[in-house]
Number of protein chains: 2
Amino acid sequence: MPTIPPHEDEPRTCRLCSVRSNGICRVLDTSQLARLARHTRSTRHEAGAEVFGDETDITTYANVVSGVIKLMKVLEDGRQQVVGLKFANDFIGRIHAASNALSAEATSEVELCLVPRALMEAMLEENRPLERWLMKETLRELDEAREWMVTLGRKSAAERVASFLYLIALHVNPELGSDTATVEYDLPLTRSDMADFLGLSIETVSRQLTELRRLEIIVIHNKRHVHIPDTERLRQRAG
Amino acid sequence: MPTIPPHEDEPRTCRLCSVRSNGICRVLDTSQLARLARHTRSTRHEAGAEVFGDETDITTYANVVSGVIKLMKVLEDGRQQVVGLKFANDFIGRIHAASNALSAEATSEVELCLVPRALMEAMLEENRPLERWLMKETLRELDEAREWMVTLGRKSAAERVASFLYLIALHVNPELGSDTATVEYDLPLTRSDMADFLGLSIETVSRQLTELRRLEIIVIHNKRHVHIPDTERLRQRAG
DNA sequence: CGAACTGTTGAGTCTAGTCAATACCCGTGG
DNA sequence: CCACGGGTATTGACTAGACTCAACAGTTCG
């Protein structure tokens with residue numbers, strides 16, 4: 001278990017990103033990193049906590065340090081759809097908008113680094129690589145959203161669940177596909193969250209997981225820990 | 001039928017956008033408009049024609065002058081999903097990427113204005129308002145994609161079809177919702193395209209249209225022309 | 001007129017949803 | 001220690017909504 005240093009007010013280099021990350025800090029110069037360190041604030045949220053509300057004004061942006069956050073849209077009658085997941089080093093926030101019509105909730109314990117809106121916008125103004133980095137991030141989000149539209153619109157329940165497990169596997173090991181790779185991880189979402197992401201009912205998600213287990217495509221321990229002996233088989237099931 | 005002026009090589013002000021548009025030309029300075037006029041090329045495509053292929057390299061960007069284009073993703077087994085629609089004044093192209101894993105097809109007769117990749121990137125480099133405009137466009141696309149994810153993941157067939165009709169109505173008259181407004185338009189998509197957009201079968205789309213007609217929420221002439229006497233009723237049916 | 005294409009309608013099937021019961025996992029407190 | 005309660009997950013029985021297959025209607029074009 002990692003120890004969490006408390007937030008310190010002295011300026012120092014950025015704690016936002018891990019060393020090997022492609023996160024935001026990669027494109028900041030030293031002066032900006034120093035400013036960032038002075039003005040950012042780190043927060044923690046436990047699983048299930050709301051991070052940003054549906055209609056709250058956006059006064060800060062955030063960088064995910066650890067944990068997973070789900071972005072949700074909710075209909076009047078209560079139906080809800082997860083429209084995106086944010087992992088470590090992902091950036092959260094809607095530039096150029098007063099509100100986002102989206103709520104963000106922690107699905108596991110989450111550590112965030114909050115960046116004041118004014119600071120972020122000032123840095124964007126003076127740092128073009130940062131602006132370009134943000135553009136690329138936004139395009140990646142768009143690609144992900146469109147990829148998921150195919151899953152929601154055209155795939156069966158079996159394929160959806162497999163797609164989700166493969167998606168997480170790819171996050172754990174981005175270099176999949178080369179060999180018959182083995183992956184193992186803890187699911188960052190409850191069955192209910194998975195259902196909301198996949199556009200299914202919890203019962204269907206559960207049944208499909210059982211079926212995947214029966215086919216020995218996955219092994220599950222303690223409801224949450226997933227072992228995938230052959231990711232290629234899983235990928236094929238994902239459609 | 002409009003006459004199509006052949007492309008002219010003399011520099012002149014931009015023909016890309018209509019006067020009242022929020023399109024790309026709004027953020028270009030006069031020198032750039034002149035350069036654009038020299039290097040753009042206009043093309044037409046008939047309904048059903050492929051505009052950009054799935055894996056073709058991106059050598060040009062494009063501005064939609066008139067007509068509608070669908071962006072599609074296709075699975076190996078042939079299932080396909082429309083992940084976006086492009087209308088007049090919309091910009092098409094994936095900045096910072098070699099390929100887009102997306103195909104674009106005209107759904108009605110389409111007039112495009114092609115912008116060479118190098119020119120676009122040069123202008124982006126020297127014109128920050130343009131860069132910011134593109135960022136906003138991308139964010140709008142992301143919002144639209146996420147909105148549609150809710151439709152695909154959580155809405156019934158009846159709600160999906162109503163959502164689609166309302167979406168088009170909003171495009172025809174962006175100031176809807178104020179009063180009990182009446183809207184009338186020609187559907188820019190075939191039943192098959194609608195099905196691919198909505199994640200439904202053509203038969204289900206057809207049945208839902210029949211049902212909407214029976215409820216007198218819409219009136220259809222010649223299969224394609226839709227009249228909506230009370231857009232509020234339609235919106236309610238859209239969930 | 002027939003062919004090709006698009007759209008509508010009907011009948012039967014099947015997938016995924018709903019409702020309900022039960023199992024499992026933990027933490028609390030007797 | 002075990003009993004109890006609350007939350008989460010699984011499983012079963014039944015149902016409803018959308019899909020498939022198939023027939024047919026309406027248009028356009030040669």
Side-chain angles (χ1 to χ4, degrees), chain A residues 46-49 75 77-81 105 107-108 151-165 186-215 218-226 237 239, chain B residues 46-49 70 75 77-81 105 107-109 151-165 186-215 218-226 237 239:
Chain A
E46 56 193 5
L75 295 174
D77 61 7
R79 283 178 290 180
Q80 51 189 41
Q81 176 70 42
E105 282 184 25
T107 67
S108 60
T151 300
L152 292 175
R154 287 301 181 200
K155 290 191 187 175
S156 69
E159 290 168 327
R160 292 188 204 193
V161 172
S163 296
F164 172 73
L165 294 177
D186 280 320
L187 282 172
L189 273 65
T190 64
R191 302 290 188 271
S192 173
D193 286 337
M194 287 174 63
D196 284 340
F197 189 39
L198 296 165
L200 298 171
S201 66
I202 30 178
E203 293 93 332
T204 298
V205 171
S206 184
R207 277 187 253 271
Q208 292 302 333
L209 286 173
T210 303
E211 178 66 6
L212 284 169
R213 222 165 22 184
R214 198 186 62 75
L215 295 169
I218 61 174
V219 181
I220 300 186
H221 283 123
N222 294 327
K223 312 286 184 197
R224 284 294 193 100
H225 191 79
V226 177
R237 189 155 230 263
Chain B
E46 56 193 4
K70 61 177 176 185
L75 295 174
D77 61 7
R79 284 177 290 179
Q80 50 189 43
Q81 176 70 42
E105 282 185 25
T107 68
S108 60
E109 180 158 19
T151 301
L152 292 175
R154 288 301 179 200
K155 291 191 187 174
S156 68
E159 291 169 325
R160 292 188 204 193
V161 172
S163 296
F164 172 73
L165 295 176
D186 280 319
L187 280 173
L189 271 65
T190 64
R191 300 291 187 271
S192 173
D193 286 337
M194 287 174 62
D196 284 340
F197 189 38
L198 296 165
L200 298 171
S201 66
I202 22 180
E203 294 93 332
T204 298
V205 171
S206 183
R207 278 186 252 271
Q208 292 301 333
L209 287 173
T210 303
E211 178 65 7
L212 284 169
R213 222 164 24 185
R214 199 186 61 76
L215 295 169
I218 61 173
V219 181
I220 300 186
H221 283 122
N222 293 328
K223 312 286 184 197
R224 284 294 193 100
H225 191 79
V226 176
R237 191 155 228 263

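Each chain gets a letter, A, B and so on, in the order its sequence line appears, and its residues count up from 1.
Comparing atom distances between the A/S156 side chain and each of D/dC21, D/dT10, C/dA16 picks out C/dA16 as nearest. Here the nucleotide nearest the side chain of A/T210, chosen from D/dT10, D/dC19, C/dG7, is D/dT10. Listed candidates were C/dA16, D/dA9, D/dA18. Nearest to the side chain of A/Q208 is C/dA16. Comparing atom distances between the A/R213 side chain and each of D/dT10, D/dT20, C/dC19 picks out D/dT10 as nearest.
Summarising the geometry, the separation between NE2 on A/H221 and P on C/dC24 is reported as 15 Å, rounded to the nearest angstrom. One atom, CG of B/L189, and another, P of C/dT6, lie 13 Å apart when rounded to the nearest Å. One can place CG of B/D193 at 13 Å from C1' of C/dG7, the figure rounded to the nearest angstrom. For B/L209 and C/dT9, the CG to P distance is 10 Å, given to the nearest whole Å. Between A/E203 atom CD and C/dA23 atom P the separation is 17 Å, expressed in whole Å. Separating the NZ atom of B/K155 from the P atom of C/dG17 is a distance of 17 Å, rounded to the nearest angstrom. Atom-to-atom, CZ of B/R191 to P of D/dA18 comes out at 18 Å; the value is rounded to the nearest Å. If you take CG of B/L187 and C1' of C/dG7, they are 12 Å apart, rounded to a whole angstrom.
Looking at heavy-atom distances under 4.0 Å, A/S201 makes contact with a base. Contacts of A/T190 with the nucleic acid, taken as non-hydrogen atoms under 4.0 Å apart, involve only primed sugar atoms and P, OP1 or OP2. Here B/I202 lies out of heavy-atom contact (under 4.0 Å) with every strand. Within 4.0 Å (heavy atoms only), B/G199 reaches sugar-phosphate atoms of the nucleic acid but no base atom.
For the pair B/R154 and A/R79, the tightest heavy-atom approach, listed with the atom from each and the gap, is O-NH1, 2.9 Å. Minimum heavy-atom separation, B/L152 to B/F197: CD2-O, 3.7 Å.
How far CD1 of B/I218 is from CZ of B/R237: 9.5 Å, rounded to the nearest 0.5 Å. Between atom CG of residue A/D193 and atom CG of residue A/L187 there is a gap of 11.0 Å, rounded to the nearest 0.5 Å. Going from atom CG of B/D196 over to atom NZ of B/K70 covers 6.5 Å, rounded to the nearest 0.5 Å.
Proximity of A/R207 to the phosphate of D/dT11: no side-chain N or O atom is located under 4.0 Å from OP1 or OP2. Side-chain N/O atoms of A/R224 include one lying less than 4.0 angstrom from OP1 or OP2 on D/dA9. OP1 or OP2 of D/dC19 has at least one side-chain nitrogen or oxygen of B/T204 nearer than 4.0 Å.
Between the side chain of A/T107 and the backbone N or O of A/L189, no donor-acceptor pair lies under 3.5 Å.
Heavy-atom nearest nucleotides on DNA chain C were determined for A/N222 and for A/L200, and the one closer to the 5' end corresponds to A/L200. Both A/A157 and A/K223 lie close to DNA chain C; mapped to their nearest nucleotides by heavy-atom distance, the more 5′-ward contact belongs to A/A157.
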